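All values reported here derive from a predicted model rather than from experimental measurement.
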Amino acid sequence: MAAPALALGWGPLRFGSGGCLRSRVPRGPSARGRGLPAPVVLGRSATASSRTEAPGSGLYCVELLRKRDYEGYLCCLLLPAEARSSAFALRAFNVELAQVKDSVSQKTIGQMRMQFWKKAVEDIYSGNPPHQPVAIELWKAVKRHNLTKRWLMKIIDEREKNLDDTAYRNIQELETYAENTQSSLLYLMLEVLGIRDLHADHAASHIGKAQGIVTCLRATPYHISRRKVFLPMDICMLHGVSQEDFLRKNQNKNVRDVIYDIASQGHLHLKHARSFQKSVPVKAFPAFLQTVALEDYLEKIQRVDFDVFHPRLQQKNTLLALHLYIQSWKKRY
């Protein structure tokens with residue numbers, strides 16, 4: 001199957017158009033209202049003195065990101081100095097939530113950890129964060145940038161819903177999950193940069209959806225190793241592909257067509273996000289540097305003819321840091 005080159009743009013999806021932007025609640029004053037398990041102490045909260053005596057909390061967030069979200073770590077390094085620590089805190093918060101699903105053996109335990117984070121956010125906005133490094137850094141970020149609470153809670157709620165080990169029923173369900181997690185994180189990153197702009201929000205929405213789709217594809221080999229398939233069922237059914245086909249790592253044309261359609265949707269969102277580039281404030285561009293890593297994966301999966309199990313897709317891009325720096329220097333996303 002020969003797919004058109006990325007430079008020329010991929011063709012429209014065969015199952016219908018996507019990328020519709022979901023409306024957002026106004027973000028004015030009225031709207032405010034895997035691996036390194038963090039030490040959780042449910043009964044204790046950080047006092048004012050203990051917060052100032054916890055210099056290791058910032059380093060904890062940086063190390064957590066470096067080990068669990070290296071691309072996010074590199075992107076944070078290229079942010080303005082005044083925004084860097086808050087960005088590390090937000091991404092560390094996202095990692096803490098993302099790794100819950102794979103680190104617990106029972107759904108109820110995962111729900112308990114999500115409840116801890118819901119209470120932690122409530123306590124953070126009450127000025128009394130729990131004595132946990134990510135929570136302490138998140139409290140500092142909220143205090144410094146007056147971050148919107150609703151986006152933090154949305155990330156937790158969506159991650160909690162995703163504790164069920166079930167495949168996405170359709171591509172729209174995957175996009176909704178990505179919007180509520182990845183896009184919400186980007187809205188918060190924009191707030192850290194002092195950006196409240198409709199065009200930037202539109203771009204963030206599409207980039208977040210592209211991120212969610214690419215993450216789903218990248219994680220497929222890992223999920224298959226655990227005999228789980230989370231790819232959208234509507235696209236699999238469209239091409240007559242069953243979950244068993246993926247579990248057996250079949251490489252026939254229909255299986256690759258499924259991956260092509262999903263990857264095309266991710267590329268479409270990336271293209272939509274870049275269509276706003278002239279309208280988005282340049283100051284917002286650093287929040288969108290992850291588009292470099294997304295495009296890198298989409299180009300690589302095209303080169304291997306949409307073989308989601310190809311070993312080349314599991315290799316790190318050793319030039320990613322350089323590419324990110326160049327994109328940052330050019331002031332593009």
Side-chain angles (χ1 to χ4, degrees), residues 1-22 98 101-102 107 158 161-183 206-273 294-315:
M1 174 182 62
L6 273 169
L8 299 177
W10 295 359
L13 295 178
R14 284 160 287 187
F15 56 85
S17 60
C20 295
L21 180 68
R22 295 176 66 87
K101 186 173 182 177
D102 289 333
K107 180 182 174 181
E158 197 65 31
K161 290 177 192 174
N162 197 244
L163 290 174
D164 292 316
D165 276 342
T166 56
Y168 298 103
R169 288 173 295 182
N170 48 56
I171 190 71
Q172 290 77 22
E173 196 171 85
L174 171 55
E175 288 175 331
T176 298
Y177 172 74
E179 166 73 27
N180 290 334
T181 54
Q182 301 295 341
S183 299
H206 285 294
I207 293 170
K209 288 174 183 175
Q211 176 80 59
I213 289 169
V214 168
T215 300
C216 183
L217 289 173
R218 291 175 75 170
T220 293
Y222 168 74
H223 291 146
I224 295 300
S225 72
R226 304 181 71 194
R227 297 197 61 77
K228 298 180 187 298
V229 181
F230 296 110
L231 298 171
M233 291 187 289
D234 64 334
I235 304 178
C236 293
M237 291 172 63
L238 179 68
H239 296 288
V241 175
S242 67
Q243 289 195 349
E244 194 62 32
D245 288 321
F246 280 102
L247 294 175
R248 292 175 182 170
K249 298 185 179 181
N250 286 349
Q251 291 303 313
N252 59 41
K253 180 181 182 299
N254 287 358
V255 170
R256 292 172 187 252
D257 283 348
V258 169
I259 301 303
Y260 169 75
D261 278 356
I262 297 171
S264 293
Q265 189 75 339
H267 175 72
L268 188 63
H269 282 301
L270 205 52
K271 191 175 178 181
H272 284 328
L294 299 181
E295 186 170 50
D296 176 64
Y297 179 84
L298 291 172
E299 287 178 346
K300 284 198 294 188
I301 201 168
Q302 185 189 22
R303 285 196 294 269
V304 299
D305 197 19
F306 302 96
D307 174 8
V308 76
F309 301 108
H310 200 286
R312 199 180 302 168
L313 297 178
Q314 305 305 316
Q315 297 172 356

Let me confirm one number: the [atom1]-[atom2] distance from [X] to [Y], rounded to the nearest 0.5 Å.
X	Y	atom1	atom2	result
Leu313	Gln315	CG	CD	8.5 Å
Leu270	Gln211	CG	CD	10.0 Å
Lys228	Thr166	NZ	OG1	10.0 Å
His269	Ile213	NE2	CD1	4.5 Å
Lys209	Leu268	NZ	CG	10.5 Å
Gln172	Glu179	CD	CD	13.5 Å

(message) For Arg312, give me all partners under side-chain hydrogen bond (donor to acceptor under 3.5 Å, both in side chains), at least two apart in sequence or on another chain.
(response) none

Quick one: does [X]'s side chain get under 4.5 Å of [Y]'s, heavy atoms only?
X	Y	answer
Pro232	Asn170	no
Ile262	Cys216	no
Ile207	Gln182	no
Glu244	Leu247	yes
Arg256	Tyr260	no
Thr215	Tyr177	no

Heavy-atom closest contact ([X] atom, [Y] atom, distance):
X	Y	answer
Ala263	Ile301	CB-CG2, 4.4 Å
Leu231	Ala167	O-CB, 3.8 Å
Gly266	Leu298	C-CD1, 4.2 Å
Arg218	Gln314	O-NE2, 4.4 Å
Gly208	Ala178	O-CB, 3.5 Å

(message) Atom CZ of residue position Arg303 - does it have more than 12 heavy atoms of other residues, nucleotides or ligands inside 6.0 Å?
(response) yes

(message) Which label fits Phe309 and Phe246: parallel for a plane angle under 30°, tilted from 30 to 60°, or perpendicular past 60°?
(response) tilted

(request) For salt bridge (charged side-chain N to carboxylate O under 4.0 Å, His left out), just list the numbers for Lys107 and Asp164, CA-CA rounded to whole Å, side-chain angles, deciding distance to a tenth of an Å, and then say yes or no. (result) CA-CA 7 Å; Lys107 180 182 174 181; Asp164 292 316; 2.5 Å; yes

(request) Verify whether one side chain among Asp305 and His310 offers a donor that lies under 3.5 Å from an acceptor in the other. (result) no

(message) Looking only at the side chains, is there a donor atom on one of Tyr222 and Arg226 sitting less than 3.5 Å from an acceptor on the other?
(response) yes

(message) Tell me every residue that passes side-chain contact (heavy atoms from CB on, under 4.5 Å) with Asp245, counting only those two or more places apart in sequence or in another chain.
(response) Val241, Ser242, Asn250, Val255

(request) With side-chain contact (heavy atoms from CB on, under 4.5 Å) as the test, would you mind laying out the steps for His239 and Asp261 before giving the verdict? (result) CA-CA 10 Å; His239 296 288; Asp261 278 356; 2.7 Å; yes

(request) Please answer whether the main-chain N or O of Asp234 pairs with a side-chain N or O of Arg169 as donor and acceptor at a distance below 3.5 Å. (result) no

(message) Can you list everything that forms a ring-ring contact (aromatic ring centres under 6.0 Å, His included) with Phe230? Sequence neighbours excluded, please.
(response) His223

(request) Would you please test His272 and His206 for side-chain hydrogen bond (donor to acceptor under 3.5 Å, both in side chains) and show each step? (result) CA-CA 7 Å; His272 284 328; His206 285 294; 5.4 Å; no

